[in-house]
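Have a look at the structure below before the remarks.
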Amino acid sequence: MRLIVNPAIKKSYIHPEVYGNFSEHLGRCIYNGIYVGENSDIPNVNGMRSDIVEALKNIKLPVLRWPGGCFADEYHWKDGIGDKKDRKHLINTNWGGVVEDNSFGTHEFMELCRQVGCEAYINGNVGSGSVQEMQEWVEYMTSPDVSPMADLRRKNGQDEPWKVKYFGVGNENWGCGGNMRPEFYADVYKRYQTFCHNYGKNRLYRIACGAGTGKGNPNYAWTETLMKEAGHLMNGLSLHYYTIPTDNWQHKGSATEFTKEEYYQTLLNASFIDELIEKHGAIMDRYDPEKKIGMIVDEWGAWYDVEPGTNPGFLYQQSTMRDALLAAITLNIFNRHADRVHMANIAQMINVLQAIVLTDGEKMLLTPTYHVFDLYKAHQGAHLLGSMIEKDPVPGFEGLEKVSHSASIDDNGKIHITLSNASADEDISLSLRIDARAVSLLEARILTGSMNQMNTFEDACAVSIKPLSGVSVSPDASGTEISLTLPAVSCVSLSFE
Ligand code: AHR
């Protein structure tokens with residue numbers, strides 16, 4: 001397998017936010033996930049689990065989306081401020097019918113972002129909230145002035161306004177966010193965003209709800225209508241795509257027990273996001289040829305049947321090396337579309353769907369998907385590089401390449417290449433050429449295991465990143481020749497200077 005990277009072809013900036021996460025009031029993502037409360041025996045700072053915060057800092061988590069998801073369009077932010085003992089208790093009608101005590105609200109979310117050092121992405125309520133409610137939330141969070149909402153924030157203990165960059169105007173408004181037609185939502189979007197003001201120095205990046213897609217329903221009409229009617233009033237347009245192994249949402253398949261065929265089919269289905277980005281992107285290009293509007297893939301990842309014995313409304317699933325490959329392939333695709341994809345948020349951060357962290361009481365583990373985010377973190381804020389790779393599809397799964405890759409150069413001139421080998425049983429010899437630069441190897445790391453290997457609470461490090469040996473680097477007069485082996489089912493990162 002031959003891969004050529006050309007450092008002279010410096011392409012688009014890779015927005016760090018492409019490596020973002022999503023956290024919803026769903027199952028054990030927030031409660032019994034990141035948030036254990038100030039009085040927990042689990043080590044925490046202001047209620048946030050310290051071990052998870054450290055893990056998120058390690059991958060340089062750039063942005064976190066909250067509070068939903070479907071939950072966002074039923075969330076009334078005033079329920080989640082003020083003295084906790086006075087906060088409303090209500091039923092989370094979307095997810096599991098459990099009691100939501102609102103002990104994690106705006107102040108707690110902003111505190112989490114502060115501890116992690118990431119940008120806040122707040123998703124507002126269009127489906128069941130009023131324009132006034134949304135306007136006041138933005139004012140509450142960001143106004144430095146004398147104003148009713150800023151004064152209320154001060155009364156609740158936060159003198160300084162927070163910085164809130166990303167603001168979503170509704171979620172899946174074609175479905176759980178109100179079952180709207182695109183024409184109707186476009187008008188609603190225009191109206192609501194008008195009152196999301198920029199207070200003081202805060203500048204909002206307004207995100208309109210985009211298409212929810214599936215292999216059978218790519219929903220291009222939604223993007224067309226939104227761009228036509230409201231493109232001039234948005235900074236970003238979202239896109240959701242979940243990978244399921246089958247085409248049947250009633251029987252998606254197990255997260256951990258699957259055949260080789262199901263493994264390949266899942267990765268093939270995941271690769272479909274490339275076509276979705278191209279085709280939705282082509283529609284956006286007609287209205288926004290300079291690609292100023294970001295495609296915000298604010299929900300993506302694998303969705304399987306829940307772990308047997310768990311609440312079906314909690315969407316708890318284990319995570320294997322199959323998911324690591326899915327993440328590696330997807331993140332390489334996002335990098336290669338860096339000109340249009342300006343943010344992405346895997347669903348979801350903790351204990352829900354393709355989580356990067358799982359918890360069980362005080363125990364915590366990092367999933368194989370977490371380790372992919374670790375391998376890929378050097379791409380954040382770098383520039384995509386031109387590259388070419390030989391085609392070698394998985395037989396019988398046309399459209400799924402065995403090897404996926406992306407390459408970037410950072411501001412210090414270091415080159416970062418990420419690779420994955422999806423083949424379940426074939427090690428692949430890679431002959432990599434870096435054109436026109438004599439480089440030396442800084443670091444080579446690998447995540448590998450059998451396709452359904454995972455970390456468990458009994459063996460939390462069964463799958464973890466190791467140094468990759470056997471990388472030979474030979475500079476010559478016109479570049480550098482590198483050779484290495486990509487083991488079956490592996491994700492690799494290489495850095496050169
Ligand atoms: O991530 C779970 C759900 O999937 C979200 O709440 C919703 O936006 C999507 O349908």
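This structure is a prediction, so every number in the text was calculated from the model and none was measured. Order of appearance sets the numbers: ligands from 1, and atoms from 1 within every ligand.
- Defined by atom type and a distance below 3.5 Å, a donor-acceptor pair is missing between the side-chain atoms of D339 and S12.
- For F109 and H25, the ring centers sit 6.0 Å or farther from each other.
- Residue pairs that meet the disulfide (SG to SG under 2.5 Å) test with at least one member in residues 69-115, sequence neighbours left out, are C70-C176.
- Remark: E299 engages R65 in a salt bridge (Lys or Arg N to Asp or Glu O under 4.0 Å) (not counting sequence neighbours).
- Protein residues having a heavy atom under 4.0 Å from any atom of ligand 1 are F22, E24, L26, G69, C70, W95, N171, E172, Y242, E299, W303, Q348, L353, listed by chain and number.
- By the salt bridge (Lys or Arg N to Asp or Glu O under 4.0 Å) test, R153 is found to be paired with no residue, residues two or more places apart in sequence or in another chain being considered.
- For the side chain to side chain contact (heavy atoms under 4.5 Å, CB included) with N102, the lone residue among H89, K88, E108, H76 that qualifies is K88.
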